[in-house]
Enquirer: 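Below are the structure tokens for one structure; questions will follow.
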Amino acid sequence: MVTDAAQIDAARILVASNRGPVSYTLTEDGGLDARRGGGGVVSGLSAIGSDEQSLWVCAALGEGDREAVRRGVGEPGVRMLDIDPAVHADAYNGIANSVLWFLHHLLYQTPLEPAFDQEFRRQWDAYRAYNRAFADALAESAAEGAAVLIQDYHLALAPGMLRERRPDLRIGHFSHTPWAPPDYFRLLPDDIAEELLRGMLGADRLGFLTQRWADAFTACATQVVGGTGSTVTGVYGLGADAGFLRERAHRPDVGERLAELREAVGPDRRTIVRVDRTELSKNIVRGLLAYRTLLATRPEWRERVVHIALAYPSRQDLAVYREYTAEVSRLAAEINEEYGTPGWTPVLIHVKDDFARSLAAYRMADVALVNPIRDGMNLVAKEVPVVSDEGCALVLSREAGAYAELGDHAITVNPYDVTATADALHRALAMPPAERAERTKHLAAAATALPPRRWFLDQLDALRD
Ligand code: G6P
């Protein structure tokens, strides 16, 4: 790991992402609290030998991060970029989360949006400047011939910009989202679609979570810029970290949450569990509608099942995310109003992010509901079978990347079909225990086939070959 400024200009392995592995909050007495995050890249990087000098370049996100940069506080091996807050907001909220996220997840309500106007062009300039800040920092810090792994849709232009500055580098880019199909991708203005693809194609290698997303990218590149040139695409289906999850899921705090949840569910009831960051693509509202349909059409389940919905807020700077979050809570309350009895609350909803509670819910789930409109992978679908105490039936959207690996052992659904989802919930609830246990074994094996370290190192090896 890189430890001081002198070493920083010689990093041999570099990672770049908007959100870094650490974040800072200002404490009341003016101090800075550091919180480390998890995820595939974090465990991947930790697998690299200490003689390999690595550097993670990320953006300062909140006031705490910015203050840390100003004070020169930092983690070894991490460089935070203090990009102008207005530029960052336009790039992150305006372009990454309101345009690119919508495109790749097919979220536009097309009669009215998108409308690519002057305001969009202004924000696109900010997106360029933000990508440039990363390309400059990477160019400055990379040793001759170093490997650079750029992450996600926030940084689609950075590979091309970095290639111009440093033709000697090995540049990889990994998409943690789906990729839009060509007809939908071409909603973008032609010049922007071309700029975006040429930015990506500045990389030597482009990584995707499933073949389907890689093929969609290739189809877009073929239509818009005539092909992928010398850039190679590869598929790396990030898996769950079984060792970490199983150990973490049996710590005392998870035990406490488990007892609380069991108490709230009540004795002799089945559970349908979902855990999501409340992104617009997660389809939580249709999931609740399906559950309501189940209660309406199969009254035998009333009082005998509880839907545990852990819906943690994300990207609350954006009005449509806030409205969606509110709609989820409103609908849950409506179902409880309609069907609840003095001893039974049909939907238990929690919106405060709590990892221990998520693991407790995984452990006790009889059914896991993962029904995204479209999802790069969906790690919840992979984590539940690994952690589940007694086996769990998985209701899985065919539009999740995880479907490619787990589809054979899940009950799969078209995420738009509320009636079919209600039927799938019924089948999952009624599944005999032996079948459920058998399927869970297969799901867990498929879910852990490519653990985070392997996922990261495979990409690194491919880039250096
Ligand atoms: C999801 C996506 C990732 C993305 C991340 C950003 O997890 O799967 O592709 O990088 O969101 O989340 P953020 O909270 O930083 O906007």
Side-chain angles (χ1 to χ4, degrees), residues 15-24 35-44 56-62 64-65 80-81 83 88-107 127 130-131 134 149-156 158 173-180 200 206-210 212-214 216-217 236-240 275-284 310-318 320-322 324-325 351 353 355 358 370 372-383 397 399-403 452 455-456 459:
V15 166
S17 64
N18 177 60
R19 191 177 290 281
V22 59
S23 67
Y24 298 91
R35 247 193 75 190
R36 258 158 283 255
V41 186
V42 173
S43 37
W56 191 322
V57 178
C58 58
L61 298 181
D65 288 357
M80 269 192 181
L81 305 179
I83 298 166
H88 186 270
D90 284 336
Y92 173 73
N93 287 321
I95 300 297
N97 289 336
S98 300
V99 176
L100 301 179
W101 185 269
F102 275 60
L103 272 181
H104 293 320
H105 295 87
L106 321 182
L107 295 175
Y127 184 74
Y130 162 90
N131 272 263
F134 274 82
L149 291 155
I150 298 172
Q151 309 297 311
D152 238 348
Y153 57 102
H154 313 93
L155 293 171
H173 181 282
F174 193 84
S175 290
H176 297 259
T177 60
W179 193 271
M200 294 276 290
L206 296 173
F208 296 90
L209 286 163
T210 73
R212 190 176 169 200
W213 313 144
F217 176 85
Y236 302 88
L238 176 63
V275 178
D276 306 273
R277 300 204 312 162
T278 308
E279 287 155 0
L280 307 173
S281 41
K282 296 299 184 187
N283 209 23
I284 305 173
L310 309 186
Y312 304 137
S314 90
R315 305 181 192 153
Q316 295 292 295
D317 286 347
L318 291 167
V320 343
Y321 282 74
R322 291 196 299 273
Y324 186 74
T325 306
V351 297
D353 197 342
F355 187 50
S358 302
V370 178
I373 289 173
R374 198 169 159 95
D375 212 335
M377 173 55 71
N378 197 294
L379 274 180
V380 172
K382 290 188 164 181
E383 290 168 352
S397 165
E399 304 304 318
Y403 171 81
W455 170 83
F456 183 84
Q459 290 179 65

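Both counts, for ligands and for their atoms, begin at 1 and track the order of listing.
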Enquirer: Run the numbers for me: atoms of ligand 1, each under 4.0 Å from some heavy atom of Thr177, listed by number.
Expert: 9 (O)
Enquirer: Between Asp375 and Lys282, is the closest basic N to carboxylate O distance under 4.0 Å?
Expert: yes
Enquirer: For atom 8 (O) of ligand 1, which protein heavy atom lies nearest, and how many Å away is it?
Expert: His176 O, 3.8 Å
Enquirer: What is the distance from atom OH of Tyr153 to atom NE2 of His176, rounded to the nearest 0.5 Å?
Expert: 10.0 Å
Enquirer: Arg374 side chain to Ala400 main-chain N or O, any donor-acceptor pair under 3.5 Å?
Expert: no
Enquirer: Does some non-hydrogen atom of Arg277 fall short of 4.0 Å from ligand 1?
Expert: yes
Enquirer: Give yes if a backbone or side-chain nitrogen or oxygen of Asp152 is under 3.5 Å from a nitrogen or oxygen of ligand 1, and no if not.
Expert: yes
Enquirer: Is it true that the side chains of Arg315 and Tyr321 contain a donor and an acceptor less than 3.5 Å apart?
Expert: yes
Enquirer: Give the numbers and elements of all ligand 1 atoms closer than 4.0 Å to a heavy atom of Glu279.
Expert: 1 (C), 11 (O)
Enquirer: I need the contact type for Arg19 against ligand 1. Using non-hydrogen atoms and a strict under-4.0 Å cut-off, is it side chain, backbone, both or neither?
Expert: side chain
Enquirer: How does Arg315 reach ligand 1, if at all, at less than 4.0 Å between non-hydrogen atoms: by side chain, backbone, both, or neither?
Expert: side chain
Enquirer: What do you reckon, does Trp101 put a non-hydrogen atom under 4.0 Å from ligand 1?
Expert: yes
Enquirer: Within the 3.5 Å criterion, strictly below it, is a donor on Thr210 or Tyr403 matched to an acceptor on the partner's side chain?
Expert: no
Enquirer: Does ligand 1 have an atom under 4.0 Å from some heavy atom of Met377?
Expert: no
Enquirer: Looking at Arg322 and Gln316, would you say the former's side chain and the latter's main chain have a donor-acceptor pair under 3.5 Å?
Expert: yes
Enquirer: Need the ligand 1 atom indices (1-based, order shown) with element for anything under 4.0 Å from a heavy-atom of His154.
Expert: 10 (O)
Enquirer: Do the non-hydrogen side-chain atoms of Gln151 and Trp56 ever get within less than 4.5 Å of each other?
Expert: no
Enquirer: Could you tell me, atom by atom, which parts of ligand 1 come under 4.0 Å of a heavy atom of Tyr92?
Expert: 13 (P), 14 (O), 15 (O), 16 (O)
Enquirer: Cut-off 3.5 Å, side chains only: do His154 and Asn131 have a donor facing an acceptor?
Expert: no
